[in-house]
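Read the numbers this way: they start at 1 and go in the same order the structure lists the ligands and their atoms. Since this is a predicted model, take the numbers as computed values, not measurements.
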Amino acid sequence: MGVQGVVLSGSGRLLLAQPHAAEPPRTLTPWAVLVRDGHIAWVGAPDEAPDTERWEDLGSALVTPGLVDAHTHPVFAGDRSDEAAARLAGQPYAAGGILRTMTATRAADDDTLRQLVVARLESALAGGTTTLEAKTGYGLSAAEELRALRLIREAAADVGIRVVRTFLGAHAVPPEAGSADDYVDTVITEMLPAVASEAQFCDVFCDDGFFSAAQAERLMTAARHHGLGVKLHAEQLARTGATELGVRLGATSVDHLEHLDAAGVAALAGSSTVATLLPGPTLVMRDHLPPARALLDAGVTVALATDANAGTYGNFSMPLVIGLGATVLGMTVEEALAAATAGGAAAIGLSASVGVIREGMAADLVAWDAEHEGAFALRLGAVRPVRIWVGGEERALH
Ligand SMILES: [Zn+2]
């Protein structure tokens, strides 16, 4: 009579991932993992594995922790491909685009919008993402932002993917608000109390032409009073000091950082704030690359995420983001994979449960159609999962 659970094993590389991107990669070959009650109960060599009735051999496939996409905006309707084309033809990025999406999103009924979110979460899962942070920010009223948070919860349950929900009421100023300051008042007095029980984080688009550092500080302080963690869209369009604000207020992550300079890197070094880098929109916007190498060399915890959204980047595939991290951002493949697993988990406050393969962690695992992690660079964007487990439950691949 063996122990309960299932042993997964293989003759290939099990990439354990690392709690910190600066640590050297650790792999195990051959390997075995005991999965029990949704968690990893044991990791080691196959000939030392506990005796169970169920045993599955994954052959020579590379196996990694489930990927963590720590920054997405999946709740929107409408199509802004025309705007992307116009921008690439020379027109500047402007706040008007978000309001265009807001109008289309408000006009979509619940079923339509839920189906759009389900399709996006399914495409994330099909790319090996097992945990995803999902932001609101295209409703921009208490009722619409609350609806977005509810639809994310419903869609995630449908798809069987872990989600962390983030309230991004301060994404843009809606047309009915008198001014940005008036809208910040509305977010603090009406929206935060209405949404706080449905979200884990509050995010603010703190940048030139959006919300100022002073407005962001008011919002983040209020969000903290409601028990929410805080995040910032920082230094994407200009160097504003949003990074230093995030560090000072204990933000879980500051995201984008295309315009971060040496002083900003120094501010992040030694803090617990994660730098979340988003190479997808950087390329589509033809923007500066964020200083990934300098951040890693300074010992900052780095996450890689898609930033899939309505207007600047629309792809929920994390394998492409890992490939871009290892190519255009100058990271090693191991650093990029760590940033897409353990780093992503740190960026959404889930380091204790997902992002590494270790006893006690959630059994979120992906077997790939590759035998070495170098494939994420070599086959840029084309590496695919062959099998996926979320909390020990295998998910069907469509
Ligand atoms: Zn974003």
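Closest to the Zn ion (ligand 1) among the N, O or S atoms of H71 is NE2. Its N, O or S atom nearest to the Zn ion (ligand 1) is what matters here, and for H233 that atom is NE2. Residue D307 approaches the Zn ion (ligand 1) most closely through its N/O/S atom OD1.
In this structure, the side chain of D307 does not engage the main chain of T72 through any donor-acceptor pair within 3.5 Å.
Between H233 and H256, the ring planes are tilted. Angles from 30° to 60° get that label.
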V302 and M331: CA distance, side-chain angles, deciding distance, side-chain contact (heavy atoms from CB on, under 4.5 Å) verdict: CA-CA 10 Å; V302 170; M331 303 167 79; 4.0 Å; yes
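Both tests do not hold together for R218 against F211: distance to the six-membered ring centre under 6.0 Å, angle to the ring axis within 45°.
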